[in-house]
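Encoded as structure tokens, the structure appears first; notes follow it.
Keep in mind that what you see is a predicted model, and the values were worked out from it rather than measured. Note: hydrogens, waters and symmetry copies are ignored here, and every other heavy atom, side chains too, is used. One-based numbering, in listed order, for ligands and for the atoms of each.
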Amino acid sequence: MITLSEPPRLVRPTTDVRTSYLTGEQADCLLLGTDTDWLGPASTDFDAFVAARDHDKERWKVMSTVYWYVSAEHYLGTLVVRHALTPELTVDGGHIGYHVVAPWRRQGHATRMLELGLEKARERGISRALLTCDPSNDASRRVIEKNGGVPDEQLGTDLRFWIG
Ligand SMILES: CC(C)(COP(=O)(O)OP(=O)(O)OC[C@H]1O[C@@H](n2cnc3c(N)ncnc32)[C@H](O)[C@@H]1OP(=O)(O)O)[C@@H](O)C(=O)NCCC(=O)NCCS
């Protein structure tokens with residue numbers, strides 16, 4: 001495994017990790033069989049791609065903040081803090097969403113990334129965060145449980161947990 005020269009940090013999207021971001025996300029798309037079309041424009045003008053993400057913006061009908069989990073030149077994953085809940089997010093989505101790109105999975109990064117993401121959420125006044133995950137997603141469930149997630153009533157198909 002690659003030895004990271006410094007502990008990963010949650011930062012606003014940055015052009016510093018261009019190659020690592022693009023190859024990591026492309027590997028994930030190919031693994032999952034999801035759309036890769038967005039990577040063309042992202043690679044052609046990465047500055048514009050980052051500029052569209054490095055500030056708070058309305059997504060899922062609420063303001064949200066995107067963070068990247070990085071160590072020096074390495075991009076490991078993304079975490080999004082949603083500043084509020086809608087009825088839809090209360091059932092599926094919650095306050096925080098995240099993924100770790102394939103090369104960096106199963107090394108404890110998501111667990112630590114969520115811990116740092118919860119700090120970011122608390123700084124925004126979210127003292128009690130809702131996390132949701134698909135019942136088949138054992139990895140995400142473990143990440144949430146390891147961060148103190150307490151199960152709540154299941155309103156839809158996703159499992160729901162509160163932290164804080
Ligand atoms: C879910 C995800 C973020 C986990 O990332 P990760 O960095 O591999 O997670 P960690 O290394 O912190 O592992 C956390 C726990 O999950 C377990 N785990 C990780 N991958 C697993 C897998 N594929 N199957 C079963 N358990 C798994 C780990 O063993 C660990 O549990 P343990 O401490 O009891 O051993 C990553 O798999 C991912 O990005 N998946 C796709 C996107 C996604 O599902 N996002 C969450 C939406 S709610």
#### Entry: Closest protein heavy atom to atom 15 (C) of ligand 1, given as residue, atom name and distance to 0.1 Å
Arg142 CB, 3.5 Å

### Query
Among Gly77, Gly94, Ala110, whose heavy atom sits nearest atom 2 (C) of ligand 1?
Ala110

### Sub-4.0 Å protein heavy atom next to atom 34 (O) of ligand 1
yes

### Query
Do the side chains of Leu89 and Trp60 get nearer than 4.5 Å, heavy atoms only?
yes

### Task
Taking the side chain as every heavy atom from C-beta outward, state whether Ile2 and Trp104 have any atom pair closer than 4.5 Å.
yes

### Message
Check whether Asp16 reaches the backbone of Glu73 with its side chain - one donor and one acceptor, N or O, closer than 3.5 Å.
### Response
no

### Message
Can you name the atoms of ligand 1, numbered from 1 with element, that are less than 4.0 Å from a heavy atom of Lys146?
### Response
32 (P), 33 (O)

#### Entry: With Thr65, the side-chain hydrogen bond (donor to acceptor under 3.5 Å, both in side chains) member among His55, Arg53, His83
His83

### Query
What are the atoms of ligand 1, with element, lying closer than 4.0 Å to any heavy atom of Gln107?
11 (O)

### Message
Checking a contact table here: which protein heavy atom is nearest atom 45 (N) of ligand 1, and how many Å away?
### Response
Tyr98 O, 2.8 Å

### Query
Are Arg142 and Glu145 within salt-bridge range, i.e. N to O under 4.0 Å?
yes

### Task
Identify, by atom number and element, the atoms of ligand 1 in contact range of His99, meaning under 4.0 Å from any of its heavy atoms.
39 (O), 42 (C)

Extract all donor-acceptor atom pairs below 3.5 Å that involve side chains of residues 25-35 and protein atoms in other chains or at least two apart in sequence.
| from | atom 1 | to | atom 2 | distance (Å) |
| --- | --- | --- | --- | --- |
| Glu25 | OE2 | Tyr75 | OH | 2.5 |
| Glu25 | OE2 | His99 | NE2 | 2.8 |
| Asp28 | OD1 | Ala102 | N | 2.8 |
| Asp28 | OD2 | Arg105 | NH2 | 3.2 |
| Asp35 | OD1 | Asp37 | N | 2.8 |

### Task
May I ask you to identify the nearest protein heavy atom to atom 44 (O) of ligand 1, giving residue, atom name and distance to one decimal place in Å?
Asn137 ND2, 2.7 Å

### Protein residue, atom and distance nearest to atom 11 (O) of ligand 1, heavy-atom basis
Gly108 N, 2.7 Å

### Task
Out of Arg112, Arg105, His109, indicate the one that has the non-hydrogen atom closest to atom 38 (C) of ligand 1.
Arg105

### Query
Can Thr132 be said to touch ligand 1, with heavy atoms closer than 4.0 Å?
yes

### Query
For Thr157, does its backbone N or O pair with a side-chain atom of Gln154 as donor and acceptor, under 3.5 Å?
yes

## Note on the structure
Shortest non-hydrogen pair, Ile163 vs Gly148, comes out as CG1-C, 4.2 Å

#### Entry: Protein contact of atom 27 (C) of ligand 1 - nearest heavy atom, named by residue and atom, plus distance
Arg106 NH2, 3.3 Å

### Summary
Those residues at least two apart in sequence (or on a different chain) that pass ring-ring contact (aromatic ring centres under 6.0 Å, His included) with Tyr69 are none

### Query
Hey, does the side chain of Arg160 reach the backbone of Leu130 with a donor-acceptor pair shorter than 3.5 angstrom?
no

### Message
Tell me whether Met113 reaches ligand 1 (any heavy atom closer than 4.0 angstrom to a ligand atom).
### Response
no

### Message
Show me which atoms of ligand 1 lie under 4.0 Å from any heavy atom of Val143.
### Response
9 (O), 14 (C)

### Query
Where is the nearest protein heavy atom to atom 13 (O) of ligand 1: which residue, which atom, and how far?
Thr111 OG1, 4.0 Å

### Query
Of the protein's non-hydrogen atoms, which lies at the shortest distance from atom 39 (O) of ligand 1, and what is that distance?
Val100 N, 2.9 Å

